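What follows is a set of notes on a single structure, which appears directly below.
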Amino acid sequence: MKIVHAASELFPYVKTGGLADAVASLAGTLADHGHEVSVFLPGYRAALEHPEVAGAARKLRLKIEMGDQFLTGDVRVFSPRKNLQVYLVCREEFFDRRNPYGTGERDYEDNADRFIFFCKGVVETLRLADLQADVVHCHDWQTALLPLLVRDAERKHGVTLAVKTVFTIHNIAYQGLFPRSVFARTNLPEDLNNIDGLEYYEQTNLLKGGILFADRVTTVSPRYAKEIQTPEFGNGLDGVVQTREDDIVGFVNGVDMAVWNPATDELLPARYSMANLAGKQACRGELARQCGFGSQFKGPVFGVVCRFAEQKGLELLLANRGFFITQECRLVVLGSGEKRYVDALRELSAQAPSKVFLSVKLDEKMSHLIEAGSDFFVMPSLFEPCGLNQMYSQIYGTVPIVSRVGGLIDTVVDIDESPETGTGIMCAPTTEGIGEGLHRALKLYADKPRLAAVQRRGMSRDFSWRAAAEGYERLYQESL
Ligand code: ADP
Ligand code: GLC
């Protein structure tokens, strides 16, 4: 099949979270399966500066209609592996910036224009380069207009650009919600500018377009597919998702085993496998050294790596700060994002500098060291569409402590409920729930044979992309 993906992040060129990992490894797996795969990505500065992209050839010039203006841009293309082409939709004004979405304090004011331009650039390339896509598969709000824009361009030009469109919701909390006036920038027919189209409480909601108008809608775990049909998790779009109740499916993301595998991970100071965990001890020692924990401490190391956003439940972790100060243990947190969490975590690490270490940045290498060197990995998420780190932890022999929500339910088995098969600790997403989970972890840590069995079970699970990629392949086939 000819499969076109469009997304606002793609590992290793631009990444702020799991979207980049998920799209990259899905596209890569489909390419390995012999499909002709193209991935569209905005031509961000970080992507253009990536060594692999430096030689990307200019494919075509764009002239994009945005409301009553025309904006120019260009498209560059390169091929990072067999059967895979990456297209960068470039326009300096929009994408030559330090971050993909905002300054860190707040979102860029022209995000609507930036991503509408990106979507239109994809559609123009489909047409001008005659890509003849069987499937256009788009991800999250930044690309949610594509199903509509593809069909609109087909009508205007009397051509077929894509046989089917698929839209994947990675996170319904981010919707691309803009003032109503933004609708004019889409140049879509006015009859989509109402409640049956993109209008949402007097605003324009781009995500809604993807959910309503893609031929197929998917999300990143079966559990999340159900959750987002409820008011508790639907972020105001539960009713809209319910209109797709018969055909929305959830495939759990896989793990790119070329990147996340303790036996081959070049970012670690030592490698290890289930048969020989000595390397894990070396990683733990190195992590402790980098965090200034010394070498003579007792108790487990708890690791956290995440975006500092409400979703990740840092509130619940912080509400248990007493645990980390009084118990025999260490805590290392890596992440970046909202200032309120940075401040609160800084305060905690200042209170117990020899026990709590905080690093506020994006650091791919450190994230691997934390996965490998920690004894437990904590994810107290309030909601979690899929979550990747709980899978990485299991593969790295690090026991995940997770909230009982979304994809975490689909990927972790609780050790007390299923003593024979358990791989992690599941908690209610409350202060008490997480507190209890942390205490259960101390108990497990004290029982070394049981801990080793839990680690082994996690390490032997198959989290590869095979199952998910086959799910998507079936879905593409069926829709065609
Ligand atoms: P989300 O996509 O909601 O952020 P996921 O668990 O799906 O959550 O994926 C997060 C990804 O981003 C993981 O690969 C994680 O290691 C990575 N990540 C998050 N914060 C950082 C950071 N500060 N440095 C390096 N990697 C990070
Ligand atoms: C989103 C979700 C996360 C998921 C990732 C990749 O960022 O928050 O749970 O793992 O997308 O699908």
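Atoms within a ligand are numbered from 1 in the order they appear, just like the ligands themselves. None of these values were measured; they are calculated from a predicted model. When a residue number appears, it is its place in the shown sequence, counting from 1.
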### Query
Is there side-chain contact between Ile169 and Pro385, with at least one heavy-atom pair below 4.5 Å?
no
#### Entry: From Tyr101, Phe118, Phe167, Phe178, residue fulfilling ring pair (Phe, Tyr, Trp, His ring centres under 6.0 Å) relative to Trp141
Phe178
### Query
With a 4.0 Å cut-off on heavy atoms, does Gln311 reach ligand 1?
yes
### Task
Describe, in one word, how the ring planes of His139 and His170 are oriented to each other, choosing from parallel (under 30°), tilted (30 to 60°) and perpendicular (over 60°).
tilted
## Note on the structure
Among non-hydrogen protein atoms, atom 4 (O) of ligand 1 lies closest to Arg307 NE, 2.7 Å
### Task
Would you check whether Lys361 reaches within less than 4.0 Å of ligand 1, judged by its heavy atoms?
yes
#### Entry: Arg114 to Phe95 six-membered ring, cation-pi geometry met (6.0 Å, 45°)
no
At less than 3.5 Å, what protein N or O atoms come close to the N or O atoms of ligand 2? Include the distances to 0.1 Å.
{"residue": "ligand 2", "atom": "8 (O)", "partner": "Asn171", "partner atom": "ND2", "Å": "3.3"}
{"residue": "ligand 2", "atom": "8 (O)", "partner": "Gln311", "partner atom": "NE2", "Å": "3.0"}
{"residue": "ligand 2", "atom": "9 (O)", "partner": "Glu384", "partner atom": "OE2", "Å": "2.6"}
{"residue": "ligand 2", "atom": "9 (O)", "partner": "Cys386", "partner atom": "N", "Å": "3.0"}
{"residue": "ligand 2", "atom": "9 (O)", "partner": "Gly387", "partner atom": "N", "Å": "2.9"}
{"residue": "ligand 2", "atom": "10 (O)", "partner": "Gly387", "partner atom": "N", "Å": "2.8"}
{"residue": "ligand 2", "atom": "12 (O)", "partner": "His170", "partner atom": "ND1", "Å": "2.6"}
{"residue": "ligand 2", "atom": "12 (O)", "partner": "Asn253", "partner atom": "ND2", "Å": "2.8"}

## Note on the structure
Contact region, Thr16 to ligand 1, non-hydrogen atoms below 4.0 Å, reads neither
### Task
Answer side chain, backbone, both or neither: which part of Cys306 comes under 4.0 Å from ligand 1, heavy atoms only.
backbone
### Task
Tell me, please, which residues at least two apart from Tyr87 pass ring pair (Phe, Tyr, Trp, His ring centres under 6.0 Å).
Phe40
### Message
Between ligand 1 and Lys312, can you find any atom pair, the residue atom being a heavy atom, that is separated by under 4.0 Å?
### Response
yes
### Query
Parallel, tilted or perpendicular for Phe293 and Phe357, by the 30°/60° rule?
perpendicular
### Query
Hey, is ligand 1 close enough to Asp21 that some N/O pair sits below 3.5 Å?
yes
### Message
Hydrogens and angles aside, do Gln394 and Thr423 bring a side-chain donor and acceptor to less than 3.5 Å of each other?
### Response
yes
#### Entry: Minimum side-chain heavy-atom gap Ser367-Lys365 below 4.5 Å
no
### Query
For residues 11-31, which residue pairs qualify under ring-ring contact (aromatic ring centres under 6.0 Å, His included), counting only residues two or more places apart or in two chains?
Tyr13-His50, Tyr13-Phe78
### Query
Counting from 1, what ligand 1 atoms have a heavy atom of Gly335 closer than 4.0 Å?
23 (N)
### Task
Take atom CD of Glu347 as the centre, draw a 6.0 Å sphere, and report whether it contains more than 12 heavy atoms from other residues, nucleotides or ligands.
no
### Task
Look at the aromatic rings of Trp260 and Tyr392 and report parallel, tilted or perpendicular, splitting at 30° and 60°.
parallel
#### Entry: Where ligand 1 meets Leu362 - atom numbers and elements under 4.0 angstrom, heavy-atom basis
21 (C), 22 (C), 23 (N), 24 (N)
### Task
Mind running ring pair (Phe, Tyr, Trp, His ring centres under 6.0 Å) on Phe94 and Tyr108 for me, showing each step along the way?
CA-CA 10 Å; Phe94 287 153; Tyr108 297 129; over 10 Å; no
#### Entry: Glu371 touching ligand 1 at heavy-atom level, < 4.0 angstrom
no
### Summary
among protein heavy atoms, the one nearest atom 5 (P) of ligand 1 is Leu388 N, 3.7 Å
### Message
Looking only at protein heavy atoms, which one is nearest to atom 27 (C) of ligand 1, and what is the separation?
### Response
Val305 CG1, 3.7 Å
### Query
Nearest protein heavy atom to atom 24 (N) of ligand 1, by residue and atom, and its distance?
Asp363 N, 2.9 Å
### Query
Does even one non-hydrogen atom of Cys386 get within less than 4.0 Å of ligand 1?
no
#### Entry: Gln390 contact mode with ligand 1 (heavy-atom cut-off under 4.0 Å)
neither
### Task
Would you mind checking which non-hydrogen protein atom is closest to atom 10 (C) of ligand 1, with the distance to 0.1 Å?
Gly18 N, 3.4 Å
### Task
Would you kindly say whether His137 and Tyr476 are connected by a side-chain donor-acceptor distance under 3.5 Å?
yes
### Which residues share a side chain to side chain contact (heavy atoms under 4.5 Å, CB included) with Thr431, sequence neighbours left out
Leu316, Ala319, Asn320
### Per-residue contact class, Asn389 against ligand 1 - non-hydrogen pairs under 4.0 Å
both
